[in-house]
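What follows is a single structure, written as structure tokens, with notes after it.
In this chain, residues are counted from 1 in sequence order. These numbers come from the heavy atoms of this one structure, side chains and all, not from hydrogens, waters or symmetry mates.
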Amino acid sequence: STPSNSSAASDVYKRQTGDTGCYSLCTGLGKYWDGELSILPGIGSMSYLAAKLQLPWQDWKVVSAHGRACDPVAAVTENPEVFFLTGPDNTAQELCRQLMQAGFGGCRAYVGEKLSYPEERIVSGTVREIAEKIFAPLAVLVVKREKTADDIGNDTVSAKKDSENAVTGSCWRAVSYTHLRAHETEL
């Protein structure tokens with residue numbers, strides 16, 4: 001039954017998961033609600049993961065791969081640090097497979113799943129290593145393009161390169177190649 005108190009009858013509560021205001025239902029709630037709106041956020045996945053990793057996150061490019069088209073290669077080519085919200089069709093391992101095929105296999109990657117829950121798991125490794133693991137569909141992924149001796153082709157760091165790295169190059173070569181291909185159509 002509906003309470004007789006009119007203010008109590010007009011109170012509506014909507015609970016949702018995810019980061020409020022970041023590819024969230026909360027973004028559009030104000031358009032459809034003419035009453036008072038209060039949003040009470042929890043700790044967001046981006047700030048939570050950054051704190052756990054002890055990494056600054058002010059320069060991270062935020063990209064949603066959850067229920068929408070996503071081009072991880074373009075995102076990492078154009079931004080040295082990218083934070084991906086993953087989804088069932090674009091899991092962390094799938095995004096890393098695409099990045100690995102484009103030559104970003106040597107980049108640093110971090111995956112967080114079930115953050116703040118007892119079964120929380122945070123995994124770090126190269127994009128190549130992450131591509132070989134299995135993660136929950138709802139996870140977050142950070143990819144960092146870092147300039148290392150291996151990335152610029154210094155064989156003193158790694159005298160024995162695997163065949164994939166020798167063929168595709170690594171982070172910086174992939175960026176240069178992608179940049180050159182983008183300008184190829186202008187010739």
Could you report the tightest heavy-atom contact between [X] and [Y], atom names first, then the distance?
X	Y	value
R108	S124	NH1-C, 4.5 Å
L138	G87	CD2-CA, 4.5 Å
G106	T126	O-CG2, 4.2 Å
V140	S45	CG1-OG, 3.7 Å
R145	V76	NE-O, 2.7 Å

Can you check whether [X] reaches [Y] side chain to side chain, under 4.5 Å on heavy atoms?
X	Y	answer
P72	V63	no
K52	Y110	no
K144	L55	yes
P80	D59	no

Ignoring hydrogens and angles, tell me if any N or O in the side chain of [X] forms a donor-acceptor pair with the backbone of [Y] under 3.5 Å.
X	Y	answer
E132	E129	no
R121	G112	no
T86	P137	yes

For the atom pair [atom1] ([X]) and [atom2] ([Y]), what is the distance rounded to the nearest 0.5 Å?
X	Y	atom1	atom2	answer
I122	L115	CD1	CG	5.5 Å
L85	M46	CG	CE	8.0 Å
L141	N90	CG	CG	11.0 Å

Result block: side-chain N/O donor-acceptor pairs under 3.5 angstrom for residues 92-99, not counting sequence neighbours:
unit_1, atom_1, unit_2, atom_2, d
Q93, OE1, F135, N, 3.3
E94, OE1, R97, NH1, 3.4
E94, OE2, Q98, NE2, 3.1

* Salt bridge check: are K61 and E78 linked by an N-O gap of less than 4.0 Å? ->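 Looking at E78 together with K61, the answer is no, because their closest N to O distance does not fall below 4.0 Å.
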* Report whether V143 and V123 are members of the same hydrophobic cluster (ILVMFWY, side-chain heavy atoms less than 4.5 Å apart, transitive linking). => yes
